[in-house]
There are 4 protein chains.
Amino acid sequence: MAARKESKQTRQTQILDAAMEVFVHLGFSKARMDDIAAEAGVSKGSLYWHFKSKDDIISAVLYRLFQGGLGELRQIKAMDIPADEKLQRVVQRLAIDVQAMQRWQPLMAEFYAVAMRHGSVQQYLRRYYREYIELLSAVIDEGRDAGIFHTDDAVQAAFTMTAAVEGTILLAALGLSDEGWGQQVENTLLHVMQGI
Amino acid sequence: MAARKESKQTRQTQILDAAMEVFVHLGFSKARMDDIAAEAGVSKGSLYWHFKSKDDIISAVLYRLFQGGLGELRQIKAMDIPADEKLQRVVQRLAIDVQAMQRWQPLMAEFYAVAMRHGSVQQYLRRYYREYIELLSAVIDEGRDAGIFHTDDAVQAAFTMTAAVEGTILLAALGLSDEGWGQQVENTLLHVMQGI
Amino acid sequence: MAARKESKQTRQTQILDAAMEVFVHLGFSKARMDDIAAEAGVSKGSLYWHFKSKDDIISAVLYRLFQGGLGELRQIKAMDIPADEKLQRVVQRLAIDVQAMQRWQPLMAEFYAVAMRHGSVQQYLRRYYREYIELLSAVIDEGRDAGIFHTDDAVQAAFTMTAAVEGTILLAALGLSDEGWGQQVENTLLHVMQGI
Amino acid sequence: MAARKESKQTRQTQILDAAMEVFVHLGFSKARMDDIAAEAGVSKGSLYWHFKSKDDIISAVLYRLFQGGLGELRQIKAMDIPADEKLQRVVQRLAIDVQAMQRWQPLMAEFYAVAMRHGSVQQYLRRYYREYIELLSAVIDEGRDAGIFHTDDAVQAAFTMTAAVEGTILLAALGLSDEGWGQQVENTLLHVMQGI
DNA sequence: AATGAATGAGGATTCATTCAT
DNA sequence: CATGAATGAATCCTCATTCAT
């Protein structure tokens, strides 16, 4: 039984890998189930055995991409180190994550688009960013209480940081950054944090 | 039934107005040419007389969303006022422009997604942002020379500002801002500019 | 008035010239009125001033192409020369005509196709060939009466000759003849006539 | 509703049968994919599963009309009988085959028209006729060596025979033959062969 | 679990024709 | 006579989804 379950996992993983590959190249709407099946090396029928629909695959990709970020932030927040050091770690992790996911970034923009039409996706993303900003602002608050930061609006500061990251990814995806995306995110964030 | 004397320019405008309206409600992919034609009050054939394809209409709509921004920035840069006042004006204008964009909220997220796929649009945006950042950094440089600003990297500062604006729009489009987009952009920018 | 009429004639000629050019390259069905208008250097509206419809243009081209052949044959038949010499002249004229019309031959095949669906065209072509075969068989009959030919079925002989010409054009159009079409027709006809 | 167990081969055959039926009634261009699907009793999607496009179906139909002819000729050529008897058999077979074609009469004229435009079909036909003429001329050569025939140009004789057959089909398709196509072809060929 | 043939609603695009100017 | 914008019916093709095997 364990073997079978793992096999299923593997096949699903295999399909999702293929789906992401196809989505990156063609975008959600132009990608056909045939393309995904071909890329995954399975039949179209198999796709529908493992996933209910194309939308289901897109959702699965969404969850896959938006994993980890929050977890890391939660961990950092819980650490027993000064707030400024926490923020530094956040920046470092973001730089690493963004750099690692540079390949999949085109998908992010599409998710925002999908979110506009799919209530559930929109809710998911909204919650994700809301918690991200909350965690971040909590750290900033913590730093302000400790006299390290001096901003009067921690939430706004967190929002600004998050916006800066997303905006940087966007501009970088358009080819407006001469450096690696991770480096660029780091530079931008450090700049923003001067005002905190 | 439709009047024949509308100038070519006017008829195209009329179609694009209708297209944006439809796109906002249905999104780019779900919007049908029939919908646009009906909304514009012209025949489907007329759509194809003025625009080569649906993609062509989408491109035209995207270009439209980016009209004016650069012109305003050029004008402000050429003014005979201190650099810090120039930046203030830029922020004001951006707040107004972005506030106007709020009307197209459901479109904005898709916009970025489509821009990534559309070669010509992508190129257009790249040039747009490149010049925008250049102009902005020139103003910042000017301020630094005048002793008003103290940043050591004007280009990075301009990049950060631009990224912050775009990121704000993105997050706002997701419903993450409690205020009007214009106000939110203003807050974010003022925050970013503390570091300049 | 004469000038105007001639002008009209000229414009119609101009359009038909263009139409034939376009038809040869694209075929009747793929040729668009826009193509013809562009080739003729006039507006599409002008096309409809001079011709009732696309079918009307096709008909006009048909009549244009199937002119002359019969007239020549009638003239030759009426000549005061021996029947065998008449046939020789027919062959010569056919060789010349086919060679001259080599450029337009692709249209002929399409006319047969059109004829199948358009009663009037079919009737026109049928009459054309029927008279052609009649004239030809009359000449052959004439020769048999004079003791020059010995065929027992002049109509069949005329049919065979006509079929041989059309078949030769067909094969030549497919690229199966190494010689000029006129020469090929001549060779084939001479071969067929050995049996007359 | 349609049975699923039909083999791929059979289903394609079924579609082509339907297509020919529809083409005969409506012609290539007026026949819609829906018509073919309905006639075949399958869905439109199934048409596109088995054939790439409408053109693809048309090509397949054209190829179909030319099946067998070469094979028969090759067989006859290989027989151990005198050359004149071989030619007689060729004529008999042609008469039978052409007679069978009469069923597709409305299609035949269009067939030649389409063949002229369709690169791949044209090439196929060119090769077909080339080999046909070669085989035929080989038989004639054989007969001349045996002292049966006396033509000095076997290739020209073969070309003439082939042209006569095609021309006869063309004229017959136009309704210019009072007899059955098979009979007409036989008459014409016998007439042509008098000169061999 | 896997396959791949079958389905059919859906939509973009074409193009002959009209007609106000 | 000429123009070219406007019309809209017509149709090819796509593609997510189903299901018998």
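When reading the values below, keep in mind they use all heavy atoms of this one structure, side chains included, and skip hydrogens, waters and symmetry mates. Each chain gets a letter, A, B and so on, in the order the sequences are listed, and its residues count up from 1.
Judged purely by atom type and a 3.5 angstrom limit, Lys30(A) has no side-chain atom pairing as donor or acceptor with the backbone of His25(A). No donor-acceptor pair under 3.5 Å is formed between the side chain of Ser46(D) and the backbone N or O of Val42(D).
Heavy atoms only, all atoms of each residue included: Gln122(A) and Ala115(A) are closest at CB-O, 3.1 Å. Nearest heavy atoms, Lys54(B) versus Ser29(B): NZ-O, 3.3 Å.
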Checklist entry - Between Leu170(C) and Met116(D), does a side-chain contact (heavy atoms from CB on, under 4.5 Å) hold up when you go through it step by step? => result CA-CA 9 Å; Leu170(C) 209 63; Met116(D) 298 288 150; 3.9 Å; yes
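Taking the six-membered ring wherever Trp is involved, the centroid distance between the rings of Phe23(B) and Phe111(B) does not fall below 6.0 Å. Checked against a 6.0 Å centroid threshold, the rings of Tyr124(B) and Tyr63(B) count as neighbours.
Only the P atoms considered, dA1(E) is 22 Å distant from dT21(F), to the nearest whole Å.
Trp49(A) has its CH2 atom 14 Å from the P atom of dT18(F), to the nearest Å. At whole-Å resolution of the value, NE2 in His50(D) and C1' in dT7(E) are 12 Å apart. Remark: P of dC1(F) and CD1 of Ile15(C) are 11 Å apart, rounded to the nearest angstrom.
For the pair Val61(A) and Met20(A), the minimum side-chain heavy-atom distance is below 4.5 Å.
Residues from residues 29-48 of chain A placing a heavy atom under 4.0 Å of any atom in DNA chain F, listed by number, are Ala31(A), Arg32(A), Met33(A), Lys44(A), Tyr48(A). Remark: Ser53(C), Lys54(C) in residues 51-62 of chain C come within less than 4.0 Å of DNA chain E through at least one heavy atom.
A side-chain donor-acceptor contact under 3.5 Å links Gln14(D) and Arg11(D).
Contact check on Asp17(D) versus Arg64(D) returns a salt bridge, with a Lys/Arg side-chain nitrogen under 4.0 Å from an Asp/Glu carboxylate oxygen.
When base pairs are accepted only as Watson-Crick or G-U wobble with both N-N or N-O distances under 3.5 Å, DNA chain F takes part in stems of 3 or more pairs at E:2-21 with F:2-21.
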